[in-house]
Amino acid sequence: MADLDSRQGHRYDSPEILAYLNDLHAGHDTGLASAFAAPELQGLPAIQVGMSEGKLLTLLLRLAGAKRVVEFGTLAGYSAIRMAQALPASGRLWTLELEEKYAAVARENLALAGLSDCVEVLVGPALDALPALESKGPFDAIFIDADKGQYDLYARWAAANLRPGGLLLVDNAYYFGQLMEQSPDAIAVRRCHEEAVQAFDTVCIPTPDGLLLGIRK
Ligand code: SAH
Ligand code: DHB
Ligand code: MG
């Protein structure tokens with residue numbers, strides 16, 4: 001398939017195609033609609049995952065049979081709801097958010113989605129929460145989507161706290177198209193990729209900003 005891989009620069013999508021497919025395959029119920037709209041309505045940055053990336057999180061977690069999941073970066077709870085929708089009744093998601101205000105918005109959206117009982121929003125710098133969180137592991141899936149400058153540390157923690165066969169997911173794997181630059185954040189995201197290949201079987205899915213997928217060895 002070298003020919004297909006070498007079709008550099010060809011894209012077959014369009015805004016019309018993507019809108020049709022997002023609606024058809026990845027549409028919103030009440031909770032998802034609220035969480036997706038919340039950033040713009042409530043003055044948060046509108047940097048949640050896309051509709052199809054969100055649905056991909058749901059399906060990948062279902063495929064993995066995930067019961068215990070950690071998320072780095074909650075924002076308004078959109079990806080948290082997408083992942084919690086994959087959990088069985090006994091499942092649990094711990095989601096880490098720096099900003100108290102964003103965490104409050106996320107908790108409202110999780111309540112609207114009927115998911116308050118299975119999702120815990122932990123407020124503060126993610127690194128501070130990790131030592132206590134370790135006792136809840138090992139985990140079945142970990143989604144990294146918080147501050148890019150610490151992606152390497154988060155990936156190392158994920159390698160140490162996922163079960164064999166557990167799923168690593170990392171948003172913004174292209175680092176907004178700046179992955180090959182020499183900034184500290186770009187270097188941290190590259191180190192995250194390089195950490196991941198040591199401990200996981202990996203692929204980088206070509207979403208608009210790249211989604212790293214790994215299965216723990
Ligand atoms: N996963 C969310 C989007 C997350 S945006 C979704 O798709 O719906 C990135 C989030 O990471 C922001 O809410 C930001 O406040 C949070 N963040 C930034 N630095 C952090 C840190 N050190 N610890 C925890 N969260 C952090
Ligand atoms: C930003 C963060 C994200 O996780 C994302 O998907 C898009 C943008 C940001 O910090 O600007
Ligand atoms: Mg992101």
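Throughout, numbering of the chain's residues begins at 1 and tracks the sequence. What you see is a predicted model; the values in this text were computed from it and never measured. All ligand and atom numbering here is 1-based and tracks the order in the structure.
Side chain of Lys148 to backbone of Ala146: a donor-acceptor contact under 3.5 angstrom is found. Within the 3.5 Å criterion, the main-chain N or O of Ala76 finds a donor-acceptor partner in the side chain of Asn109. The main-chain N or O of Phe143 is never found under 3.5 Å from a side-chain atom of Glu71 such that the two would form a donor-acceptor pair. Arg68 places a side-chain N or O within donor-acceptor distance of the main-chain N or O of Lys136, the cut-off being under 3.5 Å. In this structure, Thr58 contributes its side chain and Arg82 its backbone to a donor-acceptor pair below 3.5 Å. In terms of modelled atom types and a separation under 3.5 Å, the side chain of Glu97 and the main chain of Leu75 share a donor-acceptor contact. Within the 3.5 Å criterion, the main-chain N or O of Ala132 finds a donor-acceptor partner in the side chain of Ser135.
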Quiz item: Between His193 and Tyr175, does a side-chain hydrogen bond (donor to acceptor under 3.5 Å, both in side chains) hold up when you go through it step by step?
Solution: CA-CA 11 Å; His193 283 281; Tyr175 186 53; over 6 Å; no
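In this structure, the side chains of Thr95 and Met83 stay at 4.5 Å or more apart for every pair of heavy atoms.
The number of protein N/O/S atoms found under 2.8 Å from the Mg ion (ligand 3) is 3.
In terms of protein heavy-atom proximity, atom 22 (N) of ligand 1 is closest to Asp147 OD1, 3.3 Å. The single protein non-hydrogen atom nearest to atom 2 (C) of ligand 1 is Ser79 OG, 3.3 Å, given as residue, atom name and distance. Looking at atom 7 (O) of ligand 1, its nearest protein heavy atom turns out to be Val49 N, 2.9 Å. When hydrogens are left out, the protein atom nearest atom 5 (S) of ligand 1 is Ile47 CD1, 3.5 Å; that is the closest non-hydrogen contact. Considering only non-hydrogen protein atoms, atom 23 (N) of ligand 1 sits nearest to Ala126 N, 2.9 Å.
Taking a cutoff of 4.0 Å between a charged side-chain nitrogen and a carboxylate oxygen, Asp201 and Lys217 do not qualify as a salt bridge.
Side-chain contact, Asp147 with Tyr154: a donor N or O sits under 3.5 Å from an acceptor N or O.
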Contact table ligand 2 N or O to protein N or O, d under 3.5 Å:
{"from": "ligand 2", "atom 1": "4 (O)", "to": "Asp145", "atom 2": "OD1", "distance (Å)": "2.8"}
{"from": "ligand 2", "atom 1": "4 (O)", "to": "Lys148", "atom 2": "NZ", "distance (Å)": "2.8"}
{"from": "ligand 2", "atom 1": "4 (O)", "to": "Asn172", "atom 2": "OD1", "distance (Å)": "2.8"}
{"from": "ligand 2", "atom 1": "6 (O)", "to": "Ile47", "atom 2": "O", "distance (Å)": "3.4"}
{"from": "ligand 2", "atom 1": "6 (O)", "to": "Asp171", "atom 2": "OD2", "distance (Å)": "3.1"}
{"from": "ligand 2", "atom 1": "6 (O)", "to": "Asn172", "atom 2": "OD1", "distance (Å)": "3.0"}
{"from": "ligand 2", "atom 1": "6 (O)", "to": "Asn172", "atom 2": "ND2", "distance (Å)": "2.8"}

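For the residue pair Leu98 and Val123, the shortest heavy atom distance occurs at O-CG1, 3.9 Å. Shown here for Val49 and Phe36, the closest heavy-atom pair between the two residues is O-CE1, 3.7 Å.
Considering Leu122, Leu127, Leu98 only, the shortest heavy-atom separation from atom 17 (N) of ligand 1 involves Leu98. The closest non-hydrogen atom to atom 16 (C) of ligand 1, taken over Lys101, Gln48, Glu53, Glu97, comes from Glu97. When the heavy-atom distances from atom 9 (C) of ligand 1 to Asp145, Asp171, Val123, Leu75 are ranked, the shortest goes to Asp145.
Contact annotation: for Thr74 versus ligand 1, heavy atoms closer than 4.0 Å belong to the backbone alone. Neither the backbone nor the side chain of Phe36 comes within contact range of ligand 1; no heavy atom lies under 4.0 Å. Residue Tyr78 touches ligand 1 through backbone and side chain together, judged by heavy-atom distances below 4.0 Å.
Listed by atom number, the atoms of ligand 1 under 4.0 Å from Tyr102 heavy atoms are 13 (O), 15 (O). Near Glu99, meaning under 4.0 Å from any of its heavy atoms, are these atoms of ligand 1: 15 (O). Which parts of ligand 1 touch Glu71 is read off a 4.0 Å heavy-atom cut-off, strictly below it: atoms 1 (N).
Ligand 1 is approached by Gly124 to a heavy-atom distance shorter than 4.0 Å.
Residue Leu130 qualifies as enclosed at atom CG: its count of foreign heavy atoms under 6.0 Å is above 12. For Phe176, the CZ atom is densely surrounded, since the number of other residues' heavy atoms within 6.0 Å is greater than 12.
Residue Phe143 has no nitrogen or oxygen atom sitting less than 3.5 Å from a nitrogen or oxygen atom of ligand 1, judged on distance alone. At a 3.5 angstrom cut-off on N or O pairs, Gly77 does not count as close to ligand 1. Below 3.5 Å of separation, one finds no N or O of Pro125 facing any N or O of ligand 1.
When each of Arg163, Arg62, Arg92 is checked for a salt bridge (charged side-chain N to carboxylate O under 4.0 Å, His left out) with Asp140, only Arg163 meets the rule. Just one residue in the list Leu61, Leu63, Val69 forms a side-chain contact (heavy atoms from CB on, under 4.5 Å) with Leu167, and that residue is Leu61.
Both Tyr151 and Leu168 belong to a common hydrophobic cluster when Ile, Leu, Val, Met, Phe, Trp and Tyr are linked at side-chain heavy-atom distances under 4.5 angstrom.
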